[in-house]
Structure formats: structure tokens, C-alpha cells
There are 2 protein chains.
Amino acid sequence: MGRWEPNARGRLEEAALELFAERGFEQTTVAAIAERAGLTERTFFRHFGDKREVLFSSEPFSGAITEAVGAAPEGTAPFEAVARALERLGEVLQDRRERALKRQAVIAANPELQERELVKLASLARTMAAALRERGTPELPAILAAEAGIAVFRVAFERWLDDSETREMPELIRSGIDELKAVTGTGQEARPA
Amino acid sequence: MGRWEPNARGRLEEAALELFAERGFEQTTVAAIAERAGLTERTFFRHFGDKREVLFSSEPFSGAITEAVGAAPEGTAPFEAVARALERLGEVLQDRRERALKRQAVIAANPELQERELVKLASLARTMAAALRERGTPELPAILAAEAGIAVFRVAFERWLDDSETREMPELIRSGIDELKAVTGTGQEARPA
DNA sequence: ACGTTTATGTCAGTCACTGACATCAGGTGG
DNA sequence: CCACCTGATGTCAGTGACTGACATAAACGT
């Protein structure tokens with residue numbers, strides 16, 4: 001049980017999620033997380049920049065996004081490419097609903113964690129914007145398409161986790177995209193349901 | 001010079017901005033800010049929840065937003081109401097360019113501050129969405145319109161502070177809005193410049 | 001003038017986070 | 001098989017953000 005147990009990082013993530021769920025984020029010290037993982041506090045900070053990061057660093061999103069945006073057929077409009085990338089991202093999430101639910105419960109209970117989540121989403125937006133520019137979209141449209149896409153994703157994700165919602169991510173995202181198109185359209189009234 | 005000098009909070013904000021600009025955010029201790037303001041560290045934390053908040057709490061945005069969204073003529077489409085509120089917000093900023101520039105330089109130099117800025121923008125989005133619902137917009141469109149609006153605001157604000165940009169906020173916002181409409185439109189190609 | 005309220009000061013303590021240095025497992029070359 | 005090196009971990013001491021409890025002094029009402 002000395003040093004060199006495998007997957008120290010993973011054990012820390014696991015221990016942290018458990019403890020945050022049990023006692024809450026603030027009531028959990030980094031020392032406690034490290035202890036449950038069979039490590040020391042110092043080692044925790046070698047794996048994660050700060051206490052919050054342990055909940056966010058294993059997100060596989062960034063890579064999938066760039067790939068999915070790039071995968072859209074040439075000539076696809078930027079916002080449509082974003083829509084497809086998000087649907088793709090939604091698929092990746094399918095399996096993880098249980099864990100996502102637990103994680104979001106922890107995040108929902110703590111403003112500091114919500115703050116960090118915003119950072120991650122903003123970073124996702126930048127990644128997506130960069131991928132769009134890669135395929136020839138000018139900067140301003142790229143940024144706006146990406147940011148708007150993230151807004152749709154955020155809303156869809158939240159609904160997906162809601163128990164009263166039965167639709168799956170790709171469908172929720174597509175409907176959010178359509179709703180956004182409607183709302184930014186030139187119509188004079190809130191569109192009928 | 002004892003207690004009761006007027007405007008303790010304002011003095012703290014002033015001292016903080018100066019010190020952050022001089023030495024940087026991390027290199028400035030709360031004790032140093034308090035000292036320059038003629039107060040103690042403990043008093044600082046009675047006025048601001050944390051060290052970052054001293055840069056953000058005096059934003060007069062929230063109130064102006066609700067008002068401006070509500071002020072749009074009845075029957076105005078939600079996204080148009082958002083557009084007008086943002087233009088209004090842009091006007092409020094006109095005078096403050098100097099200070100905004102200094103503030104943004106400090107923020108740009110520190111990730112923790114950027115994190116807090118995202119929180120403030122997200123909160124602005126929620127405020128705007130709530131104001132839209134107040135005037136009858138259903139929830140989903142309200143959230144999407146507000147979030148998209150904030151994306152436009154963020155981009156416009158950044159450009160406004162850019163030295164090579166000569167346009168004023170309201171115009172920048174209007175052009176961002178138009179760009180977003182174009183990008184979420186149903187066209188098949190990136191629209192020509 | 002006196003009590004009350006409110007803003008501030010003082011002090012001790014917790015905990016996130018860091019730098020410097022020690023240690024131990026595993027691989028590598030001789 | 002041993003000496004050496006590398007990388008992950010441990011140990012320790014320190015800084016600084018933030019908090020709770022209590023003391024104090026200015027302002028305010030009566």
C-alpha cells in the first residue's frame with residue numbers, strides 16, 4: 001500500500017466526488033480527499049491546480065468538439081456545424097447520465113463550482129470558435145456561433161438531467177437550436193409554441 | 001483619521017484598482033488594500049465577500065437591464081427587446097471608457113478575475129431572461145435570447161476597448177446583433193462580409 | 001445625557017495553496 | 001547484479017485568504 005498504487009489521479013477524482021456528495025464541497029478538506037485516496041495533500045495539488053479542478057479536469061469534451069466541427073461537410077454553414085458538433089457531444093454524454101447527475105448535484109450546491117463550470121463552458125466556446133475559423137469562418141461569426149451554441153448546450157444539458165424530461169441530448173440540442181433560430185429571427189412576436 | 005471616514009467601500013475599491021494595476025492582483029494582499037484605504041483587512045471582508053469582488057460589485061448594470069428590457073414597447077420581439085437593452089447598457093458605459101480600460105487590463109492579466117467576470121455576465125443573462133419572462137416571453141426563448149445577447153455584448157465590449165476600434169458601444173452592439181442574426185439564419189454559406 | 005445601533009478594530013484560528021528538499025519505486029547502462 | 005537516473009510521492013514550513021467571537025468607538029434617537 002506504499003507509493004505507486006496505480007491511477008492516483010483517478011482515485012483522487014473518485015474520492016473527491018464521493019466526499020463532496022456526502023458532506024458538501026466546503027465541508028470537505030483537500031487533506032480528507034487525499035487521505036481517502038491513500039495520498040497526501042501535496043500530491044493532490046500536483047495533480048490538480050486547485051480544489052475545484054478535481055471535478056472538471058476529466059472532461060473529454062474539448063477534443064470531441066474540434067473533431068466534430070471539423071467533420072462537418074465542406075460548405076456547411078457555421079451555425080449548422082456548431083449544431084452538429086453539439087449533437088455529437090450530446091451522444092458522448094449518453095452513457096454518463098448517472099455520473100453527470102451526481103456531479104451536477106454537487107455543482108448546483110456550490111457557487112464556487114458553478115463559477116468554474118462557466119470557465120469550462122467558455123473554454124469550450126473558444127475551442128469551437130477556433131475550429132470554425134479553421135474551416136474558413138471569419139472571426140466574429142465564429143465567436144457568435146460558438147457562444148450561441150454553448151448557450152443552447154447549457155440549456156439542453158440542464159433539461160436532460162431533469163427527471164421530468166424524457167428526450168435525449170441530441171434531440172434536446174436540436175430543438176434548442178431551432179428555438180434559438182426562431183428567437184433571433186426577424187418575426188415581430190414570440191413565436192407560438 | 002480614526003474610524004468613520006466617509007465612503008469606506010469606495011476607498012477600498014479605489015485602493016484595490018490602483019494596487020492591482022501597479023503590482024498585479026496576486027501580488028497585492030488584502031491587507032495592503034485595506035491599509036491604503038485606511039482600514040483593516042477584517043473591514044475589507046465586511047464590504048466584499050472575497051478579494052475579487054472588490055472589482056465587480058459596483059457594476060450598475062443589473063438595474064439598468066431590467067428597466068431597459070421592460071421599457072421596450074409591448075409587442076416587441078424578445079430578441080429585439082434584448083438588443084435595445086444592450087444598446088442602452090452601451091450608452092451607460094460611454095462615460096466610463098477610461099476606467100473600464102484600466103479595469104479590463106487588470107482582469108485580462110488574471111484568470112481568477114476572468115472567472116468572476118463570467119459569473120457577472122451569467123448573472124446579467126439571468127436578469128435579462130427574468131425581465132423577458134416578466135413581459136410574457138416563455139422560458140426557453142427568454143433564456144436563449146438573453147444568453148445570445150450576452151455573447152453579443154461580450155464581443156462588442158471587447159472591441160469597444162480595442163484602440164483600433166472607433167465605433168461606439170451602441171453601434172457595435174447593433175452590428176453584433178445583426179451578425180448573430182445572419183449566422184443563425186438558415187443560409188447555407190458563411191455570409192459574405 | 002443615555003442607551004442603541006452600526007461600522008470598525010483586534011485576535012485567534014482554519015484551510016487552500018506553494019516552495020524546498022527528502023525519499024522511494026522503477027527503469028537503464030554498465 | 002549494481003550504480004545511476006528519473007519521476008511520483010512524502011515531509012515540512014510558510015503565506016495569505018477568509019471567518020467567528022468579542023471589544024470599541026462613532027453616530028443616532030429619545
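Numbered from 1 within each chain, the chains take letters A, B, ... in sequence-line order.
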From [options], nucleotide with atom closest to [X] side chain:
| X | options | result |
| --- | --- | --- |
| B/Phe45 | D/dT19, C/dT10, D/dT11 | D/dT19 |
| B/Trp4 | D/dC18, C/dT6, C/dA16 | C/dT6 |
| A/Ala8 | D/dA21, D/dT9, D/dA17 | D/dT9 |
| A/Lys51 | C/dC17, D/dC12, C/dG9 | C/dC17 |

First encountered from the 5' end of DNA chain C, between B/Thr43 and A/Gly49: B/Thr43
Using a 4.5 Å cut-off on heavy atoms from C-beta on, say whether the side chain of A/Leu121 contacts that of B/Leu118. no
Any carboxylate oxygen within less than 4.0 angstrom of a Lys/Arg side-chain nitrogen, looking at A/Arg52 and B/Glu115? yes
For [X] and [Y], indicate whether the former's side chain and the latter's backbone hold a donor-acceptor pair under 3.5 Å.
| X | Y | value |
| --- | --- | --- |
| B/Arg174 | B/Arg84 | no |
| A/Ser123 | A/Val119 | no |
| B/Arg159 | B/Glu165 | no |

Using a 4.0 Å cut-off on heavy atoms, which residues in residues 21-36 of chain B reach DNA chain D? List them by number, or say none. B/Thr28, B/Thr29, B/Val30
When rounded to whole Å, the CD to P distance for the pair B/Glu53 and D/dC18 reads 10 Å
Distance in angstrom units between A/Arg9 CZ and D/dA8 P, rounded: 12 Å
Connected-component partners of B/Val106 among ILVMFWY, side-chain separation under 4.5 Å: B/Leu12, B/Leu17, B/Leu19, B/Phe20, B/Phe25, B/Val30, B/Ile33, B/Leu39, B/Phe44, B/Phe45, B/Phe48, B/Val54, B/Leu55, B/Phe56, B/Ile107, B/Leu113
Any donor-acceptor pair under 3.5 Å between the side chain of B/Arg46 and the base of C/dG9? yes
Under 4.0 Å between a side-chain N/O of A/His47 and OP1 or OP2 of D/dA8, yes or no? no
